[in-house]
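No hydrogens, no waters, no symmetry mates; every other heavy atom, side chains included, goes into these values. Labels below follow one simple rule: chain letters A, B, ... track the order of the sequence lines, proteins then strands, and each chain is numbered from 1.
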Amino acid sequence: MVLTPPATLEDVQFNAEGFMIDPFAWIPELAEAIAEREGLQLTERHWLVINFARKEFEANGEAPTLRSITKNSGVDTREMYALFPSGPAKLAAKLAGLGKPTGCI
Amino acid sequence: MNAHSNGKEAKPARKLCIIASKGALDMAYPPLILANAARMSGIETHVFFTFWGLDIINKAKMKSLHVATVGNPSMHPMFHIPTMLGGLPGMSAMASTMMKKEIDNLGFPPVDEFVQVLIDSGAKMYGCKMSMDMMKLDKEDLVEGAEVLGAMEFLEIADGAQIIFV
């Protein structure tokens, strides 16, 4: 349990690819900081995906696949690629403080 | 990818061109999965469907692709079907149904849905003009969003790209 939640990127550990090492250390403010680092501006729709990913992680212990996001979050494939052009499932997982998704769908 | 996100020199953007020449159910998935994985990493992706591969984007055929049970040396791990049995009525349909179920269990969509996901993800899909002429197909026979292209035009697109032939 994190007692003093980190608020800046400097307080958090990332792996070489930019994924947070400890998903339980994530707080929403970090998403904004990570987004800025990735050159992304977060909108309500981005947050919908980030919150969905966090809920799935809390329920299943892993980041959701892109397919489960497009089927269950209300954000479809086209929109996912518009919101996260450089790699939707990976970028959403990064912003949500989750590990890199391993599936290919 | 961002050129300025970490001060490193920008590599030229990756581009992937996949040629899908087979129409069996088991051979439709490799090009689709590769194309999808590439799109998920933000890689510009083009898929060229030629000869039997056209069935994958042919509206009339894409929902009924089959796996061969005759002369197929690869029918494992389920069981080995001797060619004489494999030619009996219903064998190919049964094997195809089993394969579709296994694919579904892994969370992968059926071919028609997968093709749509790829189009929605920004992958460019092309039907080979020559194969279409040979099979008497029109652009209207292809799934919406697919273009018609000849080999030379495809090779222009493939300039500088990594090419995978299936």
Check your understanding: Would one find more than 12 heavy atoms of other residues, nucleotides or ligands at under 6.0 Å from atom CD of E58(A)?
Key -> yes
Practice item. Using a cut-off of under 4.5 Å on heavy-atom pairs, state which of R78(A), E79(A), M80(A), R67(A) scores highest against chain B. Key: R67(A)
Point to revise | Residue P85(A) versus chain B: region with a heavy atom under 4.5 Å | key: backbone
Check your understanding: Which region of K71(A), side chain (C-beta onward) or backbone (N, CA, C, O), has a non-hydrogen atom less than 4.5 Å from a non-hydrogen atom of chain B, or is it both or neither?
Key -> side chain
Check your understanding: So, for F24(A) and F57(A), is the gap between ring centers shorter than 6.0 Å?
Key -> yes
Practice item. Check the pair S131(B), T50(B) against side chain to side chain donor-acceptor pair (under 3.5 Å), reporting the backbone distance first and the verdict last. Key: CA-CA 6 Å; S131(B) 304; T50(B) 188; 3.0 Å; yes
**Study point:** Proximal component of E44(B), with respect to chain A [non-hydrogen, under 4.5 Å]
**Key:** neither
**Study point:** NZ/NE/NH1/NH2 to OD/OE distance under 4.0 Å, D133(B) and K129(B)
**Key:** yes
